[in-house]
Amino acid sequence: MTEPNKSEWNSNIAFVMAMIGSAVGLGNIWRFPNVLYSNGGGSFMIPYIVSLFLLGISFVLVEYAVGFKFKKSLAQILYFIKEKLEPVAWFVLLIVFLITTYYVCVVGWDFIYIILSFTKAWGANPDLYFANTVLHSTDSMTGIFTIVPNVLVSIAVIWFVLWFILKRELNEGIGFVSKLLLPILAAIVVIIVAFSLTLPGASIGYSQIFTPDWSALTNPNVWLAAFGQIVFSLSLGMAIALTYASYLPKGSKLVDNAIVVAFSNSGFEVFNSIGIFSILGFMALTSGIPFNELVTEGTGLAFVVFPQVFNVMGPWSSVIAPLFFLCILFAGITSAMALLEGVCYSISEKFLIDRKKTATAVCIVGFLISTIFATGVGSTILGVFDTYLNNFALLFAVLLECIIFGWIYKFDDLIATLNENSRIKVGKTWKTVIKYILPVCIFGLWAQGVYSTLTTADSTSITIMIILTVVLIAVPIIFAKLPARNKNFFNIEN
Ligand code: PFF
């Protein structure tokens, strides 16, 4: 069998849109406002901007340079750098795949909330409604044997949508969807933010962003939080930028593109948080609940606090509520498809399976794993997956990638690749950041994550984490050992 034709973006705008779509996700909408608030408000922007430039953009550039130079999948690139490194690629991709299995579930919950939002079906007590009526959540592990039908159906819908996008040719699928959804997403956020600023009490909220707590800057955890947000928000180390950059045509301006993508992503989360804070300020004024009790993150913010706000918002809520959940849906879909593309690409390159069949297999297996989250203990297991995969596994993978590209690979070749066509050039400073500063920061973040996870985990969580660890060691080794059907898998001409 011959190698399938290599996909290529038909325009730079498709690439940039897909990259921004991959970065702008649930993390921007519900993670950032909380991180900003808990780490000094306005003054947090200093560590945040430093992390964005020094670490975020720097690592995106590594992924761009590697993907663009080799024009191959992560598995093949790592094999080429050193044969023994191939399992590391499958390790990264498995983490990304497992993250997607629960990410899709949260997008599925959001899909349910779009429907509920038209009639505010969550009633007077959104907290109980979410736990009991939507999730049928139980603390007992026997809940694993009860399937929650509405959650299962919504997860199936999201996997179907992802399959429908991924099986198509690059520009007809991911390119088209990114160019369609991203402007709509931006328009929705502008409407929500503009509306939120007209609400009484909005200033109680947004003033928090502009009220700095300078003493926070001397706290190293604040700097780690800033860096952690950048890693999460820019989806660093997940092989997304590397895969998307490998589809770029010759002559692309890599550095310029990376800066546009990173600025758009950060611009989105800062702008969006003005809306979120204003709405929470309105809630604090109307309900008398202190502002700090309202600022939560994750599902608590989206599916509990926001429905509470919509309950007291008056007639406008029937427009703003569906728009809010639609915004999460679009942000989630463009990120989930990016997470899966890198996984599909490595599988299809090694085993010479065409795009459609790979997407079908990956989405079916993904859906089957996601069914765990559609059980009575789904949200508990999801929490453990999220903590373990993000705090432990992913950061460890990013650290490995940093060491591989910074130390094992001929790094100077990457500088030449980046500078070839870009107006903005990189040099020695970038090299120092990648080789020394970035690994130290990632290690700090990782150690902090490991410590906080181990000191807070209960015995059920520890059991799930041990199972995940075994899977994350065994499966990548098996995938690396499986013979490649693609004869060119081991030859990269460069
Ligand atoms: N950057 C995206 C977001 O902020 O939601 C995508 C993403 C990042 C998904 C990290 C999952 C994840 F663990």
Side-chain angles (χ1 to χ4, degrees), residues 17-36 48 51-52 56-57 59-60 63 92-110 158 162 174 178 181-182 185 189 225-244 258 261-273 276 297-299 301-302 327-343 366 370 373 382-398 401 442 445-446 449 453 468 472:
M17 289 288 205
M19 274 306 302
I20 299 174
S22 77
V24 171
L26 308 185
N28 300 59
I29 298 171
W30 69 39
R31 196 175 187 277
F32 181 73
N34 184 269
V35 175
L36 174 69
Y48 177 76
S51 301
L52 173 68
I57 296 181
F59 195 76
V60 169
E63 289 202 46
V92 173
L93 296 168
L94 182 61
I95 295 169
V96 171
F97 178 60
L98 290 174
I99 287 179
T100 319
T101 61
Y102 74 78
Y103 200 79
V104 166
C105 173
V106 180
V107 182
W109 294 345
D110 179 74
I158 306 300
L162 290 171
I174 294 179
S178 307
L181 295 192
L182 221 62
L185 182 63
V189 172
F227 181 47
Q229 176 62 22
I230 293 293
V231 172
F232 194 95
S233 184
L234 276 178
S235 315
L236 295 187
M238 299 183 161
I240 297 175
L242 182 144
T243 306
Y244 280 2
V261 169
F263 270 46
S264 309
N265 177 58
S266 290
F268 181 95
E269 60 189 12
V270 173
F271 184 68
N272 171 67
S273 64
I276 302 267
E297 70 163 324
T299 50
L301 182 74
C327 170
I328 297 182
L329 178 78
F330 288 172
I333 285 187
T334 49
S335 291
M337 68 190 191
L339 291 167
L340 291 173
E341 176 64 15
V343 178
S370 292
F373 309 117
L382 192 146
V384 183
F385 265 58
D386 185 34
T387 314
Y388 177 84
L389 291 169
N390 271 301
N391 291 355
F392 252 49
L394 186 64
L395 283 174
F396 183 63
V398 179
E401 288 175 69
I442 297 174
L445 204 56
W446 181 77
T453 309
L468 280 173
L472 283 174

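The residues of the chain are indexed from 1 along the displayed sequence. Atoms within a ligand are numbered from 1 in the order they appear, just like the ligands themselves. As the structure is a prediction and not an experimental result, all values here were calculated from the model.
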Over all atoms of both residues, closest heavy-atom pair of L472 and A393
CD1-CB, 4.0 Å

Look at the aromatic rings of F32 and Y48 and report parallel, tilted or perpendicular, splitting at 30° and 60°.
tilted

So which heavy atom in the protein is nearest atom 13 (F) of ligand 1, and how far is it from that ligand atom?
N390 OD1, 3.0 Å

Any N/O pair S233/ligand 1 closer than 3.5 Å:
yes

Taking only non-hydrogen atoms of R31, do any sit less than 4.0 angstrom from ligand 1?
no

Does at least one non-hydrogen atom of G332 fall below 4.0 angstrom from an atom of ligand 1?
no

Sub-4.0 Å atoms of ligand 1 with respect to non-hydrogen atoms of M238:
8 (C), 10 (C), 12 (C), 13 (F)

Atoms of ligand 1 close to L26 [distance to a heavy atom under 4.0 angstrom, numbered from 1]:
3 (C), 5 (O)

Using heavy-atom distances only, which candidate in S235, G237, G25 approaches atom 7 (C) of ligand 1 most closely?
S235

What is the minimum heavy-atom distance between I328 and A302, and which atoms define it?
CD1-CB, 4.0 Å

Which atoms of ligand 1 are found less than 4.0 Å from any heavy atom of I99?
11 (C), 12 (C), 13 (F)

Just how far is it from atom CG of D386 to atom SG of C105, taken to the nearest 0.5 Å?
11.5 Å

Please classify the S22 to ligand 1 contact at 4.0 Å (heavy-atom distances, strictly less than): side chain, backbone, both or neither.
backbone

Tell me the closest heavy-atom pair linking S178 and A18, and the distance in Å.
OG-CA, 3.4 Å

Between A336, G27, G21, which one has a non-hydrogen atom sitting closest to atom 4 (O) of ligand 1?
G27

Answer yes or no: does an N/O atom from S335 fall short of 3.5 Å to an N/O atom of ligand 1?
no

Options Y102, F32, F232, ranked by nearest heavy atom to atom 8 (C) of ligand 1, top entry
F232

Shortest non-hydrogen separation from L185 to F330 and the atoms involved:
CD1-CB, 4.2 Å

Protein contact of atom 9 (C) of ligand 1 - nearest heavy atom, named by residue and atom, plus distance
Y103 CE1, 3.3 Å

To the nearest 0.5 Å, tell me how far L395 CG sits from F232 CZ.
10.5 Å

Closest contact, heavy atoms only, V92 versus A397:
CG2-CB, 3.9 Å

Ligand 1 to N28, heavy atom cutoff 4.0 Å, flagged ligand atoms 4 (O)

Between A23 and ligand 1, which residue portion shows a heavy-atom distance shorter than 4.0 Å: side chain, backbone, both, or neither?
backbone

Within 6.0 Å of CZ in F396, more than 12 heavy atoms from elsewhere:
no

Distance-minimising heavy-atom pair for M238 and L394
CE-CD2, 3.2 Å

